[in-house]
Amino acid sequence: MLVDRHNRVVDYLRLSVTDRCDLRCSYCMPESSACYSAAGDWLSFDEIVRMAEAFARLGVRRIRVTGGEPLTRARLPELIGRLHAIDGIDDLSLSTNGTRLAAQAAELKRAGVARLNVSLDTLDRREFARITGRDCLDDVLAGLDAAAALDFRLIKINQVWLPDSSLAELDRMIDYCRQRGFILRLIENMPMGTAAQAIGSRSLQSVIRTLQARHGLIDHVLPGGGPARYLCSPDRQFSIGFITPISQHFCDRCNRVRVTAAGQLQLCLGQENQVDLRPLLRDPNTSLDAIEALIRDAIDRKPLQHDFTTAPHKVVRLMSATGG
């Protein structure tokens, strides 16, 4: 097992395959902040699989493929199939903005993706274009329809709760998810990069209380390695999760690390510490034992908690460059 110095077991890897994205969300990577690493700096599929094998040998059981927007990486289902074949990986999931999901959902399912997280902050076309910088809500909804027809184990909708988000729009999203059997998750905006820092964060605690009173929601548990607290309707026909890194952090039970597309092992979203895995992965003479040793050493330096509340301007890297 991978156990850090705070006695937390790390069994969940979030793996970015690209820092590119076809949207320009205001809180993530607006046009003014768009910057990319060179594609030649990204880990190759062989390097990614080699790294994932090392993590699996160390006890990691869950892998989530992320970006940027992972569906912009060419031949992604091929990589998914190779990750799915790794001994010890029990759960393979994907985070996407959904713009390209309609064309790829069936192939991703066949390759081994069991669960999907789809980012969707609003169902209003004009508001969607304002937030994302692109008028493509119909593409995202078509992708969700295609995925829903394929019987993925779970489909979750990730909605970032922004300072100007409204309860009226949230009610609309709840109805949409309830009708389709999707799990809705609300996420407090994190101050990663100057764009997100300028927008600011808004606590979800009052929203949780309002929804509990309005819908009679009760505590619920759902599969997955993430930090969300889930509630469900009394008939258990609808579930909603809340990810609250600002108002009620969950650092004491953090079980995950992230690897960027360029092979940087990020130990905490709210810290700037990282370990470069790429040199070892690029060297064909490096053994899996050596890669494992570097990972173990890195995990021992995983910090106790993030600095989002104590130093909100500290993290300057974009979420798209980190891997959600």
Side-chain angles (χ1 to χ4, degrees), residues 21-34 66-71 94-102 105 116-148 154-193 195-208 210-211 214-215 217 226 228 230-231 238-247 318-320 324:
C21 189
D22 51 358
L23 299 183
R24 293 292 179 268
C25 295
S26 57
Y27 53 82
C28 181
M29 189 175 57
E31 300 284 1
S32 60
S33 300
T66 72
E69 170 47 47
L71 298 188
L94 176 82
S95 290
T96 175
N97 63 28
T99 59
R100 303 170 184 229
L101 187 57
L116 289 174
N117 283 7
V118 181
S119 298
L120 180 60
D121 296 322
T122 179
L123 292 167
D124 181 271
R125 182 174 177 177
R126 183 176 300 177
E127 185 68 3
F128 181 93
R130 182 186 71 82
I131 293 173
T132 67
R134 302 289 187 267
D135 183 10
C136 58
L137 175 61
D138 289 346
D139 294 334
V140 177
L141 297 181
L144 282 165
D145 287 343
L154 280 178
I155 298 176
K156 297 177 181 178
I157 303 299
N158 285 348
Q159 179 182 1
V160 176
W161 190 247
L162 299 168
D164 58 357
S165 296
S166 72
L167 285 173
E169 178 60 21
L170 176 56
D171 283 339
R172 186 180 176 190
M173 188 72 78
I174 288 173
D175 288 342
Y176 172 81
C177 292
R178 187 197 299 268
Q179 291 168 11
R180 290 160 179 80
F182 299 155
I183 310 300
L184 177 61
R185 302 199 307 175
L186 301 182
I187 305 171
E188 290 175 346
N189 185 41
M190 289 171 278
M192 297 187 62
Q197 291 164 4
I199 288 174
S201 300
R202 180 181 172 193
S203 172
L204 278 168
Q205 299 306 315
S206 64
V207 176
I208 295 172
T210 297
L211 293 181
R214 184 178 295 176
H215 299 283
L217 301 179
Y230 287 100
L231 301 173
F238 170 72
S239 298
I240 183 169
F242 304 91
I243 300 178
T244 56
I246 309 302
S247 66
L318 301 176
M319 175 65 88
S320 59

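One is the number of the first residue; the rest follow in order along the sequence.
- Nearest approach of Y230 to G241, heavy atoms of both residues: CD2-CA, 3.4 Å.
- Annotation for S95 and P70: closest pair O-CG, 2.9 Å, computed over non-hydrogen atoms.
- How far CG of L137 is from CG of L120: 6.5 Å, rounded to the nearest 0.5 Å.
- The heavy-atom pair separating D22 from R100 by the smallest distance is OD2-NE, 3.0 Å.
- The shortest distance between side-chain heavy atoms of E69 and L23 does not fall below 4.5 Å.
- Donor-acceptor pairing under 3.5 Å is recorded for the side chains of T99 and N97.
- No hydrogens or angles considered: nothing links the side chains of S201 and E188 as a donor-acceptor pair under 3.5 Å.
- The two residues C177 and F238 come nearest to each other via the heavy atoms CB-CE1, 4.0 Å.
- With a 4.5 Å cut-off on side-chain heavy atoms, M173 and L123 count as touching.
- Between the OG1 atom of T96 and the CG atom of L101 there is a distance of 5.5 Å, given to the nearest 0.5 Å.
- Taking CG from L231 and NE2 from H215, the interatomic distance works out to 11.0 Å, rounded to the nearest 0.5 Å.
- Every pair tested for side-chain hydrogen bond (donor to acceptor under 3.5 Å, both in side chains) that includes a residue from residues 136-147 fails, sequence neighbours excluded, so the list is empty.
- Between atom CG of residue L186 and atom CG of residue L211 there is a gap of 7.0 Å, rounded to the nearest 0.5 Å.
- A side-chain contact (heavy atoms from CB on, under 4.5 Å) with I157 is found for exactly one of D121, L144, L116, namely L144.
- With sequence neighbours excluded, no residue forms a side chain to side chain donor-acceptor pair (under 3.5 Å) with T244.
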Pair I243-R185, side-chain contact (heavy atoms from CB on, under 4.5 Å): steps then yes or no: CA-CA 7 Å; I243 300 178; R185 302 199 307 175; 3.8 Å; yes
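- Contact of the F182 side chain with the V118 side chain is not registered, since no non-hydrogen atoms from C-beta on lie closer than 4.5 Å.
- With sequence neighbours excluded, no residue satisfies side chain to side chain donor-acceptor pair (under 3.5 Å) with R172.
- Taking both residues in full, the closest heavy atoms of A146 and A102 are given as CB-CA, 3.9 Å, listed atom of the first, atom of the second, then distance.
- No option in V160, D164, L162 other than L162 meets the side-chain contact (heavy atoms from CB on, under 4.5 Å) test with I199.
- With contacts defined as side-chain heavy-atom distances shorter than 4.5 Å, the pair C136/F128 qualifies.
- Side chains of N117 and T66 form no contact here, defined as non-hydrogen atoms less than 4.5 Å apart.
- In terms of heavy-atom proximity, C21 sits nearest to M29 at CB-CE, 3.7 Å.
- Atom CD in E127 sits 7.5 Å away from atom CD in E169 (nearest 0.5 Å).
- In this structure, T210 OG1 and L170 CG are separated by 9.5 Å, a value rounded to the nearest 0.5 Å.
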Test side-chain contact (heavy atoms from CB on, under 4.5 Å) applied to R125 and D135, step by step: CA-CA 7 Å; R125 182 174 177 177; D135 183 10; 2.8 Å; yes
